[in-house]
Every structure is written in C-alpha cells, then in structure tokens.
Participant: 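Would you mind keeping the following structure in view while I ask a few things?
We count residues from 1, following the sequence as given. It should be emphasised that the depicted structure is a prediction, and the values quoted were computed from it without experimental measurement.
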Amino acid sequence: MMWWGGMDGWGWGMAIVHSVLWWVILGIGIVLLVRLLRREPPSGEPTGETALDILRKRYARGEIGKEEFERMKRDIAA
C-alpha cells in the first residue's frame, strides 16, 4: 500500500533513521572539535611556569622545607 505520494512505511522509516544518524554524526563532530580545541599541551611543551613558580608550589605542598627552599631559590637566581 502506498501512502503520501509514493512513500511507503519503510521509506519514511529510512528518512527518519538518516535524519537521526546525521544529527548524531554532527553532534560527535562538535564534541570532538571542542575537545581538540581545549586540549592541554603535551608534558614536553613548556607551560609558562618558571622554575621559581614550581619551587614555590613544592614548598607550599610541603615537599621541601624552608632551608631547602631558600637554598634552591638562591641557586635559581644565580
């Protein structure tokens, strides 16, 4: 049986599937593009932190003591 100008039930079903598939592919593409643009630089690339910044963070986390911090700070400045 033919409906709506020659489109049978499978024709409409395939049109809907193709439409949904198109939107899914478009959505995945947008998500991948956003992830690519927000990606952090690999660990080998400089992050803009100076040696003194890293030293201060280590001292703040308690990884090194005050004396070691001061000694390393002098070494960096030299």
Side-chain angles (χ1 to χ4, degrees):
M1 177 182 240
M2 304 296 262
W3 299 316
W4 295 299
M7 293 294 285
D8 62 8
W10 283 107
W12 284 106
M14 290 307 290
I16 292 171
V17 167
H18 284 130
S19 178
V20 169
L21 187 60
W22 165 252
W23 287 108
V24 167
I25 291 171
L26 184 65
I28 290 171
I30 290 171
V31 167
L32 291 176
L33 181 64
V34 167
R35 283 189 174 181
L36 179 68
L37 293 175
R38 295 187 59 174
R39 184 180 66 153
E40 292 184 17
S43 60
E45 294 182 20
T47 60
E49 278 187 312
T50 65
L52 188 56
D53 292 335
I54 295 169
L55 185 61
R56 285 181 179 139
K57 286 182 181 179
R58 290 186 63 199
Y59 179 63
R61 287 192 298 255
E63 294 176 13
I64 57 175
K66 183 170 177 70
E67 295 80 22
E68 190 174 6
F69 172 77
E70 294 297 333
R71 181 182 55 77
M72 294 174 106
K73 189 167 118 177
R74 281 192 308 272
D75 291 345
I76 290 172

Participant: Just jot down the side-chain contact (heavy atoms from CB on, under 4.5 Å) partners of Arg38, sequence neighbours excluded, or say none.
Facilitator: Val34
Participant: Among all residues two or more places apart in sequence or in another chain, which pass the salt bridge (Lys or Arg N to Asp or Glu O under 4.0 Å) test with Lys73?
Facilitator: none
Participant: Any salt bridge between Asp75 and Arg71, counting N to O under 4.0 Å?
Facilitator: yes
Participant: State which residues pass side-chain contact (heavy atoms from CB on, under 4.5 Å) with Val17; sequence neighbours excluded, sorted by chain then number.
Facilitator: none
Participant: Please check if Leu52 and Tyr59 belong to a single hydrophobic cluster, counting links between Ile, Leu, Val, Met, Phe, Trp and Tyr side chain heavy atoms closer than 4.5 Å.
Facilitator: yes
Participant: Could you pull out all residues at least two apart from Ser19 that satisfy side chain to side chain donor-acceptor pair (under 3.5 Å)?
Facilitator: none
Participant: Quick check: is Ile64 connected to Ile54 through a chain of hydrophobic side chains (ILVMFWY, heavy atoms under 4.5 Å apart)?
Facilitator: no
Participant: In chain order, what residues pass the side-chain contact (heavy atoms from CB on, under 4.5 Å) check against Val31, with sequence neighbours excluded?
Facilitator: Arg35
Participant: Please round to the nearest 0.5 Å and tell me the distance separating atom CD of Glu68 and atom CG of Leu55.
Facilitator: 8.5 Å
Participant: Could I get the full list of salt bridge (Lys or Arg N to Asp or Glu O under 4.0 Å) partners for Arg61, not counting sequence neighbours?
Facilitator: Glu63
Participant: Compare all side-chain heavy atoms of Leu21 with those of Ile25 and state whether any distance is below 4.5 angstrom.
Facilitator: yes
Participant: Distance check, rounded to the nearest 0.5 Å: Lys57 atom NZ versus Glu49 atom CD?
Facilitator: 3.5 Å
Participant: Identify whether Leu36 and Ile28 are in the same connected component of the hydrophobic contact network (ILVMFWY, side-chain heavy atoms under 4.5 Å).
Facilitator: no
Participant: Is there a continuous path of hydrophobic side-chain contacts, each under 4.5 Å between heavy atoms, that joins Val20 to Leu26?
Facilitator: no
